[in-house]
Asker: 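Structure incoming, see below.
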Amino acid sequence: MLSIIAFILDGYGFQLGDTIAISSSLLAFMGLIYTNYKNDLMVRKQVEKADERLQIQLKTEVDNLTVELSNQDERLKKRA
């Protein structure tokens, strides 16, 4: 791909140094875009895993509170 860009730039009359500089900048920019994409995917996976853990914790707490509420109801019925 870089050779195609170099060929096009050379065709427009750019000097070799300019062509190398532009190609290097383009390569760095493409690397930055790719790195950003990979980081975004990693963050999304981490958020999904965290959401799963929070859902499990929430379900556990709801179950615990349901049992505790049931126990409190039984104690109130015994007092009444």
Side-chain angles (χ1 to χ4, degrees):
M1 179 171 171
L2 287 177
S3 61
I4 294 170
I5 294 169
F7 180 74
I8 292 170
L9 291 175
D10 186 46
Y12 279 105
F14 282 85
Q15 297 294 324
L16 179 63
D18 294 337
T19 303
I20 292 172
I22 291 170
S23 298
S24 298
S25 297
L26 182 61
L27 183 64
F29 184 68
M30 289 171 54
L32 181 65
I33 290 173
Y34 178 75
T35 302
N36 190 27
Y37 170 74
K38 293 298 280 182
N39 286 343
D40 184 53
L41 288 180
M42 188 184 335
V43 167
R44 285 182 190 203
K45 287 180 184 178
Q46 289 174 348
V47 168
E48 288 173 3
K49 295 280 186 185
D51 186 49
E52 290 174 10
R53 289 192 301 269
L54 286 173
Q55 291 298 327
I56 292 169
Q57 287 177 349
L58 180 62
K59 184 183 180 313
T60 302
E61 283 298 316
V62 167
D63 292 342
N64 290 341
L65 289 172
T66 302
V67 168
E68 190 174 328
L69 183 60
S70 176
N71 291 340
Q72 293 292 336
D73 279 346
E74 289 178 25
R75 288 187 199 129
L76 284 173
K77 288 178 184 177
K78 288 180 181 177
R79 287 185 180 181

Asker: Using the rule that Ile, Leu, Val, Met, Phe, Trp and Tyr join whenever any side-chain heavy atoms are under 4.5 Å apart, tell me whether M30 and I20 fall into a single cluster.
Answerer: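 M30 and I20: separate clusters.
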Asker: In the hydrophobic clustering (ILVMFWY, side-chain contacts below 4.5 Å, transitive), which residues join L41, or is it alone?
Answerer: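 Other cluster members: Y37.
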Asker: Return a table of donor-acceptor pairs under 3.5 angstrom between the side chains of residues 53-68 and protein atoms on other chains or two or more places apart.
Answerer:
residue: K59; atom: NZ; partner: D63; partner atom: OD2; Å: 3.1
residue: T60; atom: OG1; partner: I56; partner atom: O; Å: 2.9
residue: N64; atom: ND2; partner: T60; partner atom: O; Å: 3.4
residue: T66; atom: OG1; partner: V62; partner atom: O; Å: 2.7

Asker: Quick one: side chain to side chain donor-acceptor pair (under 3.5 Å) partners of N71, sequence neighbours excluded?
Answerer: none
Asker: Which hydrophobic side chains are connected to V43, either touching it within the sub-4.5 Å cutoff or through other members that do?
Answerer: V47
Asker: Tell me which pairs pass salt bridge (Lys or Arg N to Asp or Glu O under 4.0 Å) where either residue lies in residues 22-51, with sequence neighbours left out.
Answerer: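 Only D40-R44 qualify under salt bridge (Lys or Arg N to Asp or Glu O under 4.0 Å).
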Asker: Assigning hydrophobic clusters by single linkage (Ile, Leu, Val, Met, Phe, Trp, Tyr; side-chain heavy-atom cutoff under 4.5 Å), is Y34 placed with M42?
Answerer: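 The answer is no; the residues belong to distinct hydrophobic clusters.
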Asker: Run the side-chain donor-acceptor check on residues 73-80: report pairs under 3.5 Å with partners two or more places apart or on a different chain.
Answerer:
none

